[in-house]
Novice: 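The following block contains the structure, expressed as structure tokens.
Scope of the values below: all heavy atoms of this structure, side chains included, with no hydrogens, waters or symmetry mates.
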Amino acid sequence: VQLQASGGGLVQAGGSLRLSCVGSGSTFNNYIMTWFRQAPGKEREFVAAISRWGGNTHYSDSVKGRFTISRDNAKNTVNLQIHSLAPEDTAVYYCAAVSINAWHIATITTTRKYKYWGQGTLVTVSS
């Protein structure tokens, strides 16, 4: 599957953004879809994941309550709605896909489990 992320930009602290990721080349509902992010000088970290049919979601503690992941399999799209942005949310946000059936938190939060990655979209939050 090929992934194309979009929606990043420069926003003020407290603002909102909606990131989108469109998949192509494969059946979208075969994949658990996940957002990771990488801040300057830091390792890539898990943000949020959604199961193949959207019945399960999981968030990192740092974004829980502020970020919402959703998907529309008919449109081959996964979205990340972000509210109450803070400067520490500044990062390149990547969507990723993994073709597994089981919803194991330890697996879906691990970057090396993902074979398919989008190109990333930059979110910059000014204070």
Novice: With rounding to the nearest 0.5 angstrom, report the OG to CZ distance, S60 to F36.
Specialist: 10.5 Å
Novice: Should I100 and I32 count as side-chain neighbours, where that means a heavy-atom distance under 4.5 Å?
Specialist: yes
Novice: How many angstroms lie between CG in N101 and OG in S51, if you round to the nearest 0.5 Å?
Specialist: 11.0 Å
Novice: Would you check if the distance from the ring center of H83 to the ring center of F67 is below 6.0 Å?
Specialist: no
Novice: Report yes if some heavy atom in the side chain of I82 is under 4.5 Å from a heavy atom in the side chain of L19; otherwise report no.
Specialist: yes
Novice: Do Q81 and S70 pass the side-chain contact (heavy atoms from CB on, under 4.5 Å) test, and can you show the C-alpha distance, the side-chain angles, and the key distance before you say yes or no?
Specialist: CA-CA 8 Å; Q81 182 68 52; S70 62; over 6 Å; no
Novice: Heavy atoms only: give me the nearest S26-V1 pair and the separation to one decimal.
Specialist: CB-CB, 3.9 Å
Novice: For E88, what residues pass the salt bridge (charged side-chain N to carboxylate O under 4.0 Å, His left out) criterion, not counting sequence neighbours?
Specialist: none
Novice: Would you name the heavy atoms of T68 and Y59 that are closest together and state the gap between them?
Specialist: CA-OH, 3.4 Å
Novice: For residues K75 and F28, determine if any side-chain heavy atom of one lies less than 4.5 Å from a side-chain heavy atom of the other.
Specialist: no
Novice: Got a second to check how far W35's CH2 is from C21's SG, nearest 0.5 Å?
Specialist: 5.0 Å
Novice: Kindly state each residue pair satisfying side-chain hydrogen bond (donor to acceptor under 3.5 Å, both in side chains) with at least one member in residues 108-127, sequence neighbours excluded.
Specialist: T34-Y114
Novice: For the atom pair CE (M33) and OG1 (T77), what is the distance rounded to the nearest 0.5 Å?
Specialist: 9.5 Å
Novice: Measuring from N29:CG to N76:CG, what's the distance to the nearest 0.5 Å?
Specialist: 8.5 Å
Novice: If hydrophobic clusters are built from ILVMFWY residues whose side chains come within less than 4.5 Å, do V63 and Y94 share one?
Specialist: no
Novice: Please report the interatomic distance SG(C95) to OH(Y31), rounded to the nearest 0.5 Å.
Specialist: 13.0 Å
Novice: Provide the closest heavy-atom pair for G120 versus V92 in the form atom of the first, atom of the second, distance.
Specialist: CA-CG1, 3.7 Å
Novice: Could you go step by step and tell me if V123 and T90 meet the side-chain contact (heavy atoms from CB on, under 4.5 Å) rule?
Specialist: CA-CA 5 Å; V123 173; T90 294; 5.9 Å; no
Novice: Nearest heavy-atom pair of W103 and N56: which atoms, and what distance?
Specialist: CE2-CB, 3.5 Å
Novice: Would you call R37 and E45 a side-chain contact if the rule is heavy atoms closer than 4.5 Å?
Specialist: yes
Novice: Would you indicate whether the side-chain heavy atoms of W53 and R71 approach each other to under 4.5 Å?
Specialist: no
Novice: Assess, by modelled atom type and distance only, whether the side chains of S20 and N79 contain a donor and an acceptor separated by less than 3.5 Å.
Specialist: yes
Novice: Would you say that L3 contacts V22 through its side chain, given a criterion of any heavy-atom pair below 4.5 Å between the two side chains?
Specialist: no
Novice: With no hydrogens and no angle check, is any side-chain donor or acceptor of R44 less than 3.5 Å from a backbone partner on Y93?
Specialist: no
Novice: Mind listing the closest non-hydrogen atom pair of R66 and L85 along with its distance?
Specialist: NH1-CA, 4.0 Å
Novice: Would you say I50 and F46 are hydrophobically clustered, going by side-chain heavy atoms of ILVMFWY under 4.5 Å?
Specialist: no
Novice: Can you see whether N73 engages R52 through a side-chain donor-acceptor pair at a distance of less than 3.5 angstrom?
Specialist: no
Novice: Give the minimum heavy-atom separation between D89 and S84, together with the two atoms involved.
Specialist: OD2-O, 4.2 Å
